[in-house]
Student: 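Following this message is one structure expressed as structure tokens.
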Amino acid sequence: MKHVLVIRLSALGDVALMAPVVKAYAVANPGVRFTVAGPPMLQPLFAGEPNVDFLGLKKKQSFVRIYKALDAVGADTVVDLHKVNRVGFAVVLLRLRHLLDLHYRIFALRKGRVSRWLYLHHWRRAPRRPQWQRYDDVFRRAGLKRGGLALGNDTDRTLPTAHTPLPTKIGVAPFAQHAGKIWPEERTEALVRMLSERGHEVVLFGSKDEAPVLERWARHYRGVNSMAGRLPFAEELEVIRGLSLMVSMDSANMHFASAVGVPVVSIWGATHPDFGFYGFGQDRANALCADLPCQPCSAYGSKPCRYGDRRCMAAITPEMVLGKIEAMLKNNIVNTQ
């Protein structure tokens with residue numbers, strides 16, 4: 001094995017969750033070249049290792065075009081961490097193209113799902129393994145030497161605790177792709193106000209579409225700045241790297257912070273932190289979740305609330321989030337990079 005092609009074209013959070021695993025295997029296998037095929041904007045997540053290259057590839061194109069781009073990489077081993085139809089068809093073409101090459105091998109993610117009903121309602125009886133461990137499984141089956149970062153543990157790696165004077169630069173990422181994962185806007189604003197009143201520097205993260213709301217908060221509260229839509233992703237990632245901690249929904253920002261070693265206070269609604277998609281290396285104690293009987297009601301947070309009031313999010317107050325932040329600061333559970 002000389003060249004491994006790793007495929008994960010979406011979603012942004014899942015690709016970010018994959019980054020520490022890929023880089024750990026790259027370090028453990030310095031004689032192997034890794035090429036990651038993923039969303040173009042996420043290239044900075046995979047920088048820093050000399051044997052890791054990146055192929056920016058958008059999912060929304062024909063599987064034939066995806067196949068041609070993947071085949072041009074010239075890898076001898078394929079690790080498919082996406083396993084969706086469009087990518088799957090491209091991988092089938094790769095298999096046919098190299099049918100007579102006995103050294104060409106393909107390994108795919110095993111999602112382990114049965115029915116959606118069982119997936120949502122019986123996970124507590126048979127808890128879902130963290131998604132990063134499922135990624136790890138595929139690399140192991142490919143015969144690669146296991147990486148560092150405690151990839152062999154049954155529980156998530158815990159980010160190191162700092163022992164330096166307390167910095168107070170706190171990131172807040174209040175939005176997510178689906179409504180079921182978004183804390184009510186007025187509660188996020190109340191948290192931003194509380195942090196401002198206590199003298200913390202607050203950095204807000206979001207998209208260009210979300211920028212008007214975040215910029216309004218930045219104008220209204222002392223020590224609050226908005227990065228929404230202002231910077232290229234590489235520069236935004238460096239801003240995240242400089243945070244003491246991040247407050248995030250179950251969103252890509254949780255995984256971006258995790259990828260650069262920043263502790264996260266996460267807020268959960270329609271989804272659940274024990275459902276397999278928790279931030280890599282994050283301490284489960286820093287997740288705020290109401291744990292209602294109806295949670296999780298959706299695998300991705302896209303399903304409408306059956307009660308119409310999103311009571312899972314309403315049960316989490318700004319005071320609860322602030323208390324978690326202050327406890328982490330008091331105990332120096334912060335980033336000091």
Student: Side-chain heavy atoms nearer than 4.5 Å, only ILVMFWY residues, links allowed to pass through others: does that put Val260 and Phe54 together?
Tutor: yes
Student: A side-chain contact here means heavy atoms from C-beta on lying under 4.5 Å apart; do Leu81 and Phe107 qualify?
Tutor: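 The answer is no; the side chains never approach within 4.5 Å.
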Student: Are the side chains of His272 and Asp291 in touch, meaning some heavy atoms are under 4.5 Å apart?
Tutor: yes
Student: Sequence neighbours excluded and cut-off under 3.5 Å, please list the side-chain donor-acceptor pairs for residues 32-47, or say none.
Tutor:
from, atom 1, to, atom 2, distance (Å)
Arg33, NE, Asp53, OD2, 2.7
Arg33, NH2, Asp53, OD2, 3.2
Thr35, OG1, His3, NE2, 2.7

Student: Among Leu214, Leu204, Ile182, whose side chain to side chain contact (heavy atoms under 4.5 Å, CB included) with Pro174 holds?
Tutor: Leu214
Student: So how far is it from Leu12 CG to Asn253 CG, rounded to the nearest 0.5 Å?
Tutor: 9.5 Å
Student: Can you check whether Val192's main-chain N or O pairs, donor with acceptor, with Ser196's side chain at less than 3.5 Å?
Tutor: no
Student: Check this for me: does any side-chain nitrogen of one of Glu215 and Lys208 sit under 4.0 Å from a carboxylate oxygen of the other?
Tutor: no
Student: Look only at the side chain of Arg198 and the backbone of Glu326, and say whether a donor-acceptor pair between them is shorter than 3.5 Å.
Tutor: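 No; zero donor-acceptor contacts below 3.5 Å.
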Student: Are Asp250 and Tyr278 linked by a side-chain donor-acceptor pair shorter than 3.5 Å?
Tutor: no
Student: Do Val6 and Met18 come close enough that some side-chain heavy atom pair is under 4.5 Å?
Tutor: yes
Student: Check the pair Lys181 / Ser251 against side chain to side chain contact (heavy atoms under 4.5 Å, CB included), numbers first and verdict last.
Tutor: CA-CA 8 Å; Lys181 300 196 289 187; Ser251 69; 5.8 Å; no
Student: Would you indicate whether Leu102, at its atom CG, is surrounded by more than 12 heavy atoms from other residues, nucleotides or ligands within a distance under 6.0 Å?
Tutor: no
Student: Using side chain to side chain contact (heavy atoms under 4.5 Å, CB included), reason through Val79 and Leu5 one step at a time and then give a plain yes or no.
Tutor: CA-CA 6 Å; Val79 172; Leu5 170 63; over 6 Å; no
Student: Please walk me through it: do Val202 and Trp217 pass side chain to side chain contact (heavy atoms under 4.5 Å, CB included)?
Tutor: CA-CA 10 Å; Val202 179; Trp217 296 350; over 6 Å; no
Student: Any non-hydrogen side-chain atom of His200 less than 4.5 Å from a side-chain atom of Leu329?
Tutor: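 His200 vs Leu329: side chains touch.
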Student: About how many Å separate CD1 of Ile267 and OG of Ser248, when rounded to the nearest 0.5 Å?
Tutor: 8.0 Å
Student: I'd like to check Gln295 versus Arg311 (side-chain heavy atoms, cut-off strictly below 4.5 Å). Are they in contact?
Tutor: no
Student: So, the side chain of Ser244 versus the backbone of Lys169: is there a donor-acceptor pair under 3.5 Å, distance only?
Tutor: yes
Student: Shortest non-hydrogen contact from Val172 to Met246?
Tutor: N-SD, 4.0 Å
Student: Taking all heavy atoms of Glu189 and all of Tyr221, pick out the closest pair and write down the distance.
Tutor: OE2-OH, 2.9 Å
Student: Say whether Val224 and Trp183 are linked into one hydrophobic cluster, either directly or through other cluster members, by side-chain heavy-atom distances under 4.5 angstrom.
Tutor: yes
Student: With rounding to the nearest 0.5 Å, note down the distance linking CZ in Phe139 to CG in Asn29.
Tutor: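 Atom-to-atom, Phe139:CZ and Asn29:CG are 9.5 Å apart.
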Student: Under 4.5 Å between any side-chain heavy atoms of Leu109 and Arg134, yes or no?
Tutor: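 A side-chain contact exists here, since the closest heavy-atom pair is under 4.5 Å.
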Student: State yes or no: do Val247 and Leu288 share one hydrophobic cluster built from I, L, V, M, F, W and Y residues joined by side-chain heavy-atom distances below 4.5 Å, directly or via other members?
Tutor: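 Yes, same cluster.
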Student: What distance separates Leu292 CG from Tyr307 OH, expressed to the nearest 0.5 Å?
Tutor: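 One finds 8.5 Å between CG of Leu292 and OH of Tyr307.
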Student: Going through the distances and angles, do His82 and Lys59 end up as a side chain to side chain contact (heavy atoms under 4.5 Å, CB included)?
Tutor: CA-CA 10 Å; His82 203 167; Lys59 184 183 73 170; 3.8 Å; yes
Student: Salt-bridged, Asp80 to Arg8, with N to O below 4.0 Å?
Tutor: no
Student: Nearest heavy-atom pair of Arg310 and Gly180: which atoms, and what distance?
Tutor: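 Scanning both residues completely, I find the closest heavy atoms to be NH1-CA, 3.4 Å.
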Student: Are the charged groups of Asp71 and Lys68 less than 4.0 angstrom apart, N to O?
Tutor: no
Student: Is a salt bridge present between Arg230 and Glu235, judged by a nitrogen-to-oxygen distance below 4.0 Å?
Tutor: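 Between Glu235 and Arg230 there is no salt bridge, as every charged N stays at least 4.0 Å from the carboxylate O atoms.
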Student: What's the spacing between Leu243 CG and Ile240 CD1 if we round to 0.5 Å?
Tutor: 6.5 Å
Student: Quick one: closest heavy-atom pair of Lys83 and Ala108, and the distance?
Tutor: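 The pair with the smallest heavy-atom distance is CD-CB, 4.4 Å.
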Student: Please determine whether residues Val22 and Leu70 belong to a single hydrophobic cluster, defined as Ile, Leu, Val, Met, Phe, Trp and Tyr linked transitively by side-chain heavy-atom distances below 4.5 Å.
Tutor: no
Student: With rounding to the nearest 0.5 Å, note down the distance linking CG in Leu245 to CE in Met328.
Tutor: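 Output value for this atom pair is 5.0 Å.
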Student: Where do Cys312 and Ala270 come nearest, in terms of heavy atoms and distance?
Tutor: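 Here Cys312 and Ala270 meet closest at SG-N, 3.9 Å.
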Student: Considering only heavy atoms from C-beta outward, does the side chain of Phe175 approach that of Met249 to under 4.5 Å?
Tutor: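 No, their side chains stay 4.5 Å or more apart.
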Student: Closer than 3.5 angstrom, by distance alone: can the side chain of Arg86 be matched with the main-chain N or O of Phe89 as a donor-acceptor pair?
Tutor: no
Student: Say whether, by atom type as modelled, one donor and one acceptor occur between the side chain of Asn331 and the main chain of Ala327 under 3.5 angstrom.
Tutor: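 Such a contact is found between Asn331 side chain and Ala327 backbone.
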Student: Do you know which two heavy atoms are closest between Gln282 and Val262, and how far apart they sit?
Tutor: NE2-O, 2.9 Å
Student: Applying the 4.5 Å side-chain criterion to the ILVMFWY set and letting contacts propagate, would Val73 and Val138 be lumped into a single cluster?
Tutor: no
Student: Do Tyr25 and Arg146 have side chains that get closer than 4.5 Å, going by heavy atoms?
Tutor: yes
Student: Before accepting this row, confirm whether a basic side-chain N of the pair Arg105/Asp76 lies closer than 4.0 Å to the acidic partner's carboxylate O.
Tutor: no
Student: Hey, can you pull the donor-acceptor pairs under 3.5 Å for the side chains in residues 317-325, sequence neighbours left out?
Tutor:
from, atom 1, to, atom 2, distance (Å)
Thr317, OG1, Met320, N, 3.2
Lys324, NZ, Ala285, O, 2.7

Student: Can you give me every donor-acceptor pair (side chain of residues 60-67, partner residue at least two apart or in another chain, under 3.5 Å) with its distance?
Tutor:
from, atom 1, to, atom 2, distance (Å)
Gln61, NE2, Lys58, O, 2.7
Ser62, OG, Arg65, N, 3.2

